Amino acid sequence: MKALVLIKPTPDTEAKIMLTSDRKAIDHASTKFIINPYDEFAIEEALKLKEAGKLTEVVLCTFTSQTNKEVVVKGLAMGADRAIIIDNQGCESLDSANVARLLAAAVKAESPQIILGGKQAIDDDNMHVLTMVAEVLGLPHVNVVTKLEVNGETAKVEREVEGGQTEVYEVKLPVVLGAHKSLNSPRYTSLPGIMKARKKQCDVKTPADLGFDGAVLLAKNKAKFQNFQPPAEKPPGKVFKGEPLEDMVDKVVKLLRNEAKVI
Amino acid sequence: MKVLALIEQRHGKLRSSGFEALSLAAKLAGNSADAAGVLIGSNVSGLATECAGYGADKIYVADQPELGLYNVLHYAKALEQAIKNFQPDLVIATSSPIGRDLLPRLAIRFDSELLTDLVALEVSNGKITGKKPMFAGKTIADVELVELSGKPGFVSVRPNIFAIEKPGNGTASVEKLTVDVSDNRLKTIEIRKGASEKADLTEAQIIISGGRSLGSADNFKILQSCADVIGATVGASRAAVDAGFAPHSMQVGQTGKTVNPSLYIACGISGAIQHLAGMRTSKVIVAINSDEEAPIFSIADYGIVGDIFKAIPLMEAKFKELLGHDA
Ligand SMILES: Cc1cc2nc3c(=O)[nH]c(=O)nc-3n(C[C@H](O)[C@H](O)[C@H](O)COP(=O)(O)OP(=O)(O)OC[C@H]3O[C@@H](n4cnc5c(N)ncnc54)[C@H](O)[C@@H]3O)c2cc1C
Ligand SMILES: Nc1ncnc2c1ncn2[C@@H]1O[C@H](COP(=O)(O)O)[C@@H](O)[C@H]1O
């Protein structure tokens with residue numbers, strides 16, 4: 001039984017966001033890329049299942065630029081068996097539905113029983129792609145997974161929702177699962193591990209290999225993103241210091257009532 | 001433009017964000033005949049009357065015992081049915097755990113696309129445009145749905161941003177949906193209650209959050225006690241969660257909840273970029289921190305440089321005084 005983990009290289013969480021001069025796109029030339037943090041939980045979960053004897057192979061798959069190969073290598077160094085990079089050259093700006101169509105084709109070719117990914121990519125903050133892949137393939141999915149237990153042909157899955165509540169599911173495999181932070185703690189990679197991982201199988205495919213014409217997909221894009229702006233600057237606030245604490249607290253509470261009118 | 005809103009309920013109670021979505025649908029539609037809502041659940045038919053008066057003439061109701069617990073496969077079928085019957089140009093939901101779970105499926109099912117977690121949404125001359133925070137709020141993009149050629153567009157909106165408007169006492173007609181629930185690959189066994197009965201962080205109007213500096217789970221009671229006075233929900237930084245002082249469901253930030261209250265009080269939180277990502281759109285931010293250089297002060301409307309262990313009880317006393325005078 002095989003798991004396929006969908007991973008997306010995203011800018012480091014600390015990265016500053018640089019824009020191209022026309023503000024139509026983010027300029028990633030000088031940005032450090034990492035594995036989307038939620039996808040690391042997905043890789044870790046697949047590796048744990050393999051170690052528990054419930055899986056025989058863990059395959060990583062990503063639709064990204066070939067320049068992000070090192071990011072994929074890091075996933076291999078965690079312990080994945082091999083990887084597939086679908087080169088996004090020429091169609092970097094595909095929308096979620098189109099990315100999902102491509103990834104679904106790649107998943108289908110591998111026919112895994114468990115498809116894992118992150119609950120959300122930290123660049124677009126969408127939470128779309130995994131669920132869309134499930135829909136394209138006609139499979140059930142559970143996203144924001146905090147606990148997973150695989151028992152043969154089924155899995156027991158918990159998902160975190162609002163108010164600290166947890167939805168508990170039983171689902172037939174194959175299933176698409178989106179990992180949340182509290183699922184596990186991803187292992188660290190070592191330098192020797194990374195050296196070894198570079199020798200692991202990493203196939204590069206094009207959309208054409210999966211039966212798609214990148215230009216046709218681009219023309220089908222329905223979500224348009226442009227004119228990126230920084231969040232509105234706030235005027236400096238009123239910060240009190242050096243006075244007796246009671247006076248400062250009193251002032252702030254009064255301001256909350258009389259100026260901000262929120263109490 | 002015809003607009004359909006998903007009106008969310010849990011445990012037979014409508015969520016306030018559902019009325020936000022319904023009000024927004026009515027506003028964007030421009031007239032009540034072109035706006036509709038959809039309610040999904042078990043024993044929810046009675047809730048339909050609560051949905052009247054928000055400017056939508058019709059409420060679709062899928063009321064079946066099998067829909068009592070949320071199940072994405074069945075709820076997607078219900079929403080699909082409502083869309084087929086109403087033929088909207090735009091479907092909106094809240095960017096809540098249910099809204100975010102359902103819409104990607106429907107977007108694919110109708111060969112369309114989805115914009116998620118918008119903080120502004122407009123339609124003019126059939127164009128659907130909005131604003132979307134990305135990169136954990138480090139940038140906001142202008143977004144648009146294009147090339148829909150007659151297919152419905154899908155949008156989810158952030159809670160607590162769009163106003164609830166109830167222009168009248170009008171009635172809404174109810175159209176029952178019959179949903180095929182035969183797909184049994186996914187079964188919802190139960191929905192376990194969380195520790196807190198308080199308003200969910202994402203819908204809370206006031207949040208008091210604590211950081212690593214609280215030092216223990218026990219010390220979070222200081223926050224809870226103050227929160228009780230002003231009806232606030234307690235949140236936490238990741239450092240506090242990782243240290244075991246608070247459950248992960250209370251975490252605010254990039255890998256926790258994105259919150260948008262009218263008042264956010266950060267107590268002993270440094271203001272790391274990943275924390276700001278989850279709360280920077282709060283309408284009013286108060287920071288209490290002993291380090292005047294703490295980055296949290298850069299986005300605070302009001303700040304106190306001081307010790308939280310002394311400041312929070314003082315603040316609680318002042319709140320009591322203030323609210324007591326009113327009574
Ligand atoms: C990928 C990734 C995702 C992350 N996601 C999140 C997230 O979702 N949410 C989140 O919060 N963080 C997140 N973080 C962590 C974040 O970078 C910070 O480490 C974290 O927010 C720090 O929490 P803190 O402010 O409680 O602790 P600290 O940074 O240690 O700050 C403690 C503060 O308390 C003050 N203090 C100490 N004692 C007192 C006192 N007695 N009175 C008043 N003030 C006092 C100090 O001056 C200091 O400013 C993430 C990090 C990464 C790398
Ligand atoms: N380009 C991509 N390649 C591989 N997996 C992806 C890609 N985009 C998104 N995913 C997966 O889908 C999840 C949700 O992404 P998103 O919908 O962009 O928030 C991610 O955490 C990944 O697991």
Side-chain angles (χ1 to χ4, degrees), chain A residues 11 13-14 17 37 95-97 100 122-128 131-132 135-136 140-141 143-144 160-172 181-182 220-231 234 237-241 245-246 248-250 252-253 255-257 260 262-263, chain B residues 70 73 96-97 100-101 104-105 107-109 112-116 134-148 185-196 200 202 230 248-249 255 262-263 274 284 286 292 297 299-306 310-311 314-315 318 322:
Chain A
T13 51
E14 304 279 346
I17 301 305
D95 63 16
S96 310
I122 59 156
D123 49 5
D124 55 41
D125 286 331
N126 267 339
M127 230 186 242
H128 291 175
T131 307
M132 288 178 163
E135 176 72 17
V136 173
H141 83 271
N143 200 8
V144 199
E160 183 186 302
V161 294
E162 71 278 359
Q165 301 177 98
T166 304
E167 295 172 354
V168 184
Y169 293 99
E170 197 175 281
V171 64
K172 278 213 183 83
K181 175 186 169 261
S182 42
K220 278 183 74 180
N221 255 2
K222 295 186 174 65
K224 202 160 118 190
F225 292 74
Q226 58 191 352
N227 190 24
F228 295 89
Q229 309 121 51
K234 272 195 150 181
K238 294 180 183 157
V239 177
F240 299 96
K241 60 172 183 192
L245 197 56
E246 185 161 2
M248 297 195 285
V249 170
D250 189 48
V252 168
V253 168
L255 284 164
L256 289 177
R257 156 68 50 118
V262 287
I263 291 287
Chain B
Y70 174 71
L73 298 180
S96 61
R100 295 185 88 150
D101 204 42
R105 283 206 172 255
I108 292 287
R109 207 165 289 185
S112 182
E113 244 300 8
L114 162 64
L115 301 171
T116 287
M134 293 172 72
F135 293 90
K138 281 189 260 184
T139 181
I140 294 177
D142 287 342
V143 290
E144 190 180 341
L145 286 174
V146 295
E147 309 291 337
L148 290 177
R185 288 173 300 170
L186 181 73
K187 286 192 192 112
T188 317
I189 315 241
E190 60 165 334
I191 299 180
R192 259 201 330 259
K193 281 255 162 67
S196 108
D200 182 57
T202 57
I230 48 173
H248 179 251
S249 60
T255 43
S262 51
L263 174 60
Q274 297 92 349
V284 176
V286 174
E292 65 177 280
F297 286 122
I299 63 152
D301 298 276
Y302 306 109
I304 296 171
V305 180
K310 297 197 186 100
L314 280 171
M315 191 170 261
K318 294 282 173 205
L322 190 69

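This one's a predicted model, so the numbers in the text were calculated from it and none came from an experiment. The chains referred to below are lettered A, B, ... by the order of the sequence lines, with proteins before strands, and numbering in each begins at 1. Worth knowing before you read on, the calculation uses all heavy atoms, side chains too, and leaves out hydrogens, waters and symmetry mates.
- In this structure, a donor-acceptor pair under 3.5 Å is present between the side chains of A:H141 and B:R105.
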Exercise for the section: Please report the C-alpha distance between A:R257 and B:L322 in whole Å, then the side-chain angles of each, then the deciding distance to 0.1 Å, and finally whether the side chain to side chain contact (heavy atoms under 4.5 Å, CB included) criterion is met. Expected result: CA-CA 9 Å; A:R257 156 68 50 118; B:L322 190 69; 3.9 Å; yes
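- Listed for the A:E170 side chain is no donor-acceptor partner under 3.5 Å among the backbone atoms of B:T188.
- For A:D125 (side chain) and B:A136 (main-chain N/O), a donor-acceptor pair under 3.5 Å exists by modelled atom type.
- The most heavy-atom pairs under 4.5 Å with chain B, out of A:T166, A:N227, A:V253, A:V171, come from A:T166.
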Practice task
For B:D142 and A:Q229, run side chain to side chain contact (heavy atoms under 4.5 Å, CB included): C-alpha distance rounded to whole Å, both residues' side-chain angles, the deciding distance at 0.1 Å, then the answer.
Solution key: CA-CA 8 Å; B:D142 287 342; A:Q229 309 121 51; 3.2 Å; yes
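- For A:P231 against B:G137, the heavy-atom pair with the smallest separation is CG-O, 3.3 Å.
- Shown here is A:K241, whose NZ atom has no more than 12 heavy atoms of other residues, nucleotides or ligands within 6.0 Å.
- Comparing B:V284, B:D301, B:V143 by how many heavy-atom pairs each has under 4.5 Å with chain A, the most go to B:D301.
- Between A:E135 and B:R109 a salt bridge is recorded (basic side-chain N to carboxylate O distance below 4.0 Å).
- Side-chain contact check for B:E147 versus A:K220: every heavy-atom pair is 4.5 Å or farther apart.
- Note: A:E162 leads A:K238, A:M132, A:E162 in heavy-atom pairs under 4.5 Å with chain B.
- Contact detail for A:G164 and B:D200: the closest heavy-atom pair is N-OD1, 4.4 Å.
- Comparing A:L255, A:V239, A:V144 by heavy-atom pairs within less than 4.5 Å of chain B, the highest count is held by A:V239.
- In terms of heavy-atom pairs under 4.5 angstrom with chain B, the leader among A:T131, A:L245, A:V136 is A:L245.
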Practice task
Evaluate side chain to side chain contact (heavy atoms under 4.5 Å, CB included) for B:L148 paired with A:K222, printing each intermediate quantity in order.
Solution key: CA-CA 7 Å; B:L148 290 177; A:K222 295 186 174 65; 3.9 Å; yes
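- Using a 4.5 Å cut-off between heavy atoms, B:S96 makes no contact with chain A at all.
- Contact annotation for B:V286: only side-chain heavy atoms (C-beta onward) come within less than 4.5 Å of a heavy atom of chain A.
- Annotation for B:L186 and A:P140: closest pair CB-CB, 4.4 Å, computed over non-hydrogen atoms.
- With contacts defined as side-chain heavy-atom distances shorter than 4.5 Å, the pair B:M315/A:V252 qualifies.
- For the atom pair A:D95 CG and B:E113 CD, the distance stands at 4.0 Å (nearest 0.5 Å).
- Contacts with chain B were tallied for A:N143, A:N221, A:L256; A:L256 has the most, counting heavy-atom pairs under 4.5 Å.
- Remark: A:M127 CE to B:R100 CZ distance equals 4.5 Å, nearest 0.5 Å.
- Of the atoms belonging to B:A107, it is side-chain heavy atoms, and not backbone ones, that fall under 4.5 Å from chain A.
- Heavy-atom pairs under 4.5 Å with chain B peak, among A:P230, A:A100, A:A223, at A:A223.
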Problem - Test side chain to side chain contact (heavy atoms under 4.5 Å, CB included) applied to A:H128 and B:T116, step by step - result: CA-CA 8 Å; A:H128 291 175; B:T116 287; 2.4 Å; yes
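- Both the backbone and the side chain of A:V262 come within contact range of chain B, judged by heavy atoms closer than 4.5 Å.
- With a 4.5 angstrom heavy-atom cutoff, B:I230 touches chain A only via side-chain atoms.
- Of all heavy-atom pairs spanning A:F228 and B:T139, the tightest one is CB-OG1, 3.5 Å.
- Heavy atoms closer than 4.5 Å to chain A are found in both the backbone and the side chain of B:E144.
- The CE atom of B:M134 lies 9.0 Å from the CD1 atom of A:I17; values are rounded to the nearest 0.5 Å.
- The CD atom of B:Q274 lies 4.5 Å from the OG1 atom of A:T13; values are rounded to the nearest 0.5 Å.
- With sequence neighbours left out, A:F240 forms a ring pair (Phe, Tyr, Trp, His ring centres under 6.0 Å) with no residue at all.
- Residues A:A97 and B:I108 come closest through the heavy atom pair CB-CD1, 3.9 Å.
- Heavy atoms closer than 4.5 Å to chain B are found in both the backbone and the side chain of A:I122.
- Considering only heavy atoms from C-beta on, B:K318 comes within 4.5 Å of A:E246 through its side chain.
- Proximity to chain B is limited to the side chain of A:P11, based on heavy atoms less than 4.5 angstrom apart.
- Rounding to the nearest 0.5 angstrom, the gap separating the CD atom in A:E167 from the CD1 atom in B:I191 is 4.5 Å.
- Residue B:L73 touches chain A through its side chain alone, counting heavy-atom pairs closer than 4.5 Å.
- The CD1 atom of B:I304 lies 9.5 Å from the CG atom of A:D250; values are rounded to the nearest 0.5 Å.
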